[in-house]
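Written below as structure tokens is the structure these notes are about.
Computed from a predicted model, the values in this text were never measured in an experiment. First the proteins, then the strands, lettered A, B, ... as listed; each starts at 1.
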Number of protein chains: 2
Amino acid sequence: MSDHDDSGVYWWRLLDDEPFHNTRTKILFAAYKEIHLNGFQAASLNNILAHTGLTKGALYHHFPNKTELGYAVIEEVIADRIYRSFIAPLNDSGRPIDSLIELIQQSGNAFSLRDVQLGCPLSSLAQEMAPIDEGFRTRLNVIYELWHEAIVKAVMKAQQSGQLIDQVQPEQVAVMVVATMEGCLSAGMISQDLSKLMFCGEGLIQYLNLIQNKNN
Amino acid sequence: MSDHDDSGVYWWRLLDDEPFHNTRTKILFAAYKEIHLNGFQAASLNNILAHTGLTKGALYHHFPNKTELGYAVIEEVIADRIYRSFIAPLNDSGRPIDSLIELIQQSGNAFSLRDVQLGCPLSSLAQEMAPIDEGFRTRLNVIYELWHEAIVKAVMKAQQSGQLIDQVQPEQVAVMVVATMEGCLSAGMISQDLSKLMFCGEGLIQYLNLIQNKNN
DNA sequence: AACCTCACATACCAACTGGTATGCTTTATA
DNA sequence: TATAAAGCATACCAGTTGGTATGTGAGGTT
């Protein structure tokens with residue numbers, strides 16, 4: 001079950017400048033893959049080490065235990081990818097809602113079938129660990145809040161320049177956009193159907209169009 | 001981690017007529033709870049049996065292995081609860097969108113804090129098992145498709161009686177509604193904040209209002 | 001009464017888990 | 001150059017896992 005090939009094209013592509021050369025980072029990314037595939041609890045330290053060629057001595061030299069390794073994966077790998085993929089691109093646009101729509105479209109198009117099959121590492125970890133470990137929950141929650149904040153800013157900017165209809169509450173839009181994006185990914189994953197994911201994303205885009213003023 | 005009290009009020013309340021008296025069902029529901037708490041892979045058969053007072057002989061008399069037990073939990077417990085909570089209530093309304101909105105509101109109000117902390121058993125199981133076991137994925141997908149179909153019917157009915165704006169595609173609305181509902185639950189779970197869940201739900205309701213014709 | 005099947009209980013097992021104690025190099029420091 | 005510390009490797013451990021082989025009592029059948 002846990003064996004796999006690493007040939008999948010990830011939408012959160014690895015960046016070239018990431019320091020893969022040091023042992024700690026090797027373990028961190030191997031752990032990220034294992035966790036992404038099998039979940040945290042089912043992730044095997046022996047598997048992680050087998051993929052890196054390292055041993056248990058190396059692991060426990062850099063991390064005190066499995067739980068702290070999981071925390072580090074969240075803070076140093078997952079947070080970074082979410083930020084680069086969904087938060088950073090939102091900055092400073094004249095028409096923030098349009099650039100949000102564009103971001104959703106681009107994200108959707110970047111998914112391979114394998115990406116969709118594996119699901120979103122953020123939401124799957126949240127589903128698994130949030131109910132049973134506060135350390136996981138708080139660390140994952142930080143990422144979600146950063147994400148929300150970024151969208152809130154964008155919506156408020158659009159609001160202030162009169163691009164939105166009256167009833168819109170920025171925080172509500174933010175929470176809903178994030179929720180729907182992850183829900184769309186989940187729908188694509190469970191159906192293993194990329195078109196279903198895109199279809200769902202178009203629904204979200206329709207919503208974002210409906211809250212915009214037509215006469216502007 | 002796996003110990004817990006069973007005092008939580010579930011929104012998918014157990015119905016009185018469910019046959020708890022026979023051994024198979026006892027195991028089934030104990031397994032459901034364990035899986036809902038810890039996920040399937042981390043669910044311990046020994047824990048399940050300890051909660052029922054039964055032994056391994058009983059379990060392996062009724063189920064060939066752990067995986068088949070998981071399948072049975074999906075088909076006989078989870079499917080039933082989703083159907084009763086979200087699918088059956090959608091039938092035959094004069095104003096289907098309004099009754100869908102009402103269903104969303106009622107569901108939201110029925111959540112206790114503990115319900116939200118635990119998350120949705122359907123989506124958490126999907127996140128965990130869909131990528132690594134086809135048997136789980138297909139069985140969970142059946143539930144989602146039934147859910148989608150029911151909403152598609154409702155939207156088409158509203159469409160045919162001219163209650164919706166032109167751009168609406170029923171299947172798109174269906175996929176998005178389900179996706180957003182689960183995303184809202186996820187947002188509530190990760191923040192451990194009921195108001196965030198409700199807030200997200202109101203966003204979805206706003207969407208459902210926006211796709212309705214105002215002059216009707 | 002003999003027999004058989006069902007419905008479990010008991011005892012046990014190999015495999016794997018996270019974690020630890022110790023040893024060995026290499027590098028930095030003094 | 002002596003010494004300390006960092007950065008790993010090796011070997012090992014108790015606990016837990018899913019799974020199995022066997023035993024046993026009740027109920028029905030002939």
[atom1] of [X]: more than 12 outside heavy atoms within 6.0 angstrom?
{"X": "B:Glu171", "atom1": "CD", "result": "no"}
{"X": "B:Lys157", "atom1": "NZ", "result": "yes"}
{"X": "A:Met156", "atom1": "CE", "result": "no"}

A:Arg81 CZ to A:Ile143 CD1 distance, which is reported to the nearest 0.5 Å: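 The distance works out to 12.0 Å.
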Using 0.5 Å steps for rounding, measure from the CG atom of B:Leu59 to the NE2 atom of B:His61. 11.5 Å
Interatomic distance where CG belongs to A:Leu59 and P belongs to D:dG7 [whole Å]: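 Going from A:Leu59 (CG) to D:dG7 (P), I get 15 Å.
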Would you please classify the geometry between the A:Tyr32 ring and the A:Phe29 ring as parallel, tilted or perpendicular, with 30° and 60° separating the classes? perpendicular
Report yes or no: do B:Asp115 and B:Ser112 form a side-chain donor-acceptor pair below 3.5 Å?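 On atom types as modelled, these side chains qualify, holding a pair under 3.5 Å.
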With a 3.5 Å cut-off and no angle check, do the side chains of B:Glu128 and B:Gln41 form a donor-acceptor pair?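 B:Glu128 vs B:Gln41: donor-acceptor pair found between side chains.
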Grab the N/O contacts between the protein and nucleotides 12-18 of chain D below 3.5 Å, and write none if there aren't any.
| unit_1 | atom_1 | unit_2 | atom_2 | d |
| --- | --- | --- | --- | --- |
| D:dT17 | OP1 | B:Ser44 | OG | 3.1 |
| D:dT17 | OP2 | B:Asn46 | ND2 | 3.2 |
| D:dG18 | OP1 | B:Ala43 | O | 2.8 |
| D:dG18 | OP1 | B:Lys66 | NZ | 2.9 |
| D:dG18 | OP2 | B:Leu45 | N | 3.1 |
| D:dG18 | N7 | B:Lys56 | NZ | 3.3 |

Quick check for you: name the first and last nucleotides of DNA chain C, 5' to 3', having an atom under 4.0 Å from a heavy atom of chain A.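 That gives a stretch of C:dT17 to C:dT20.
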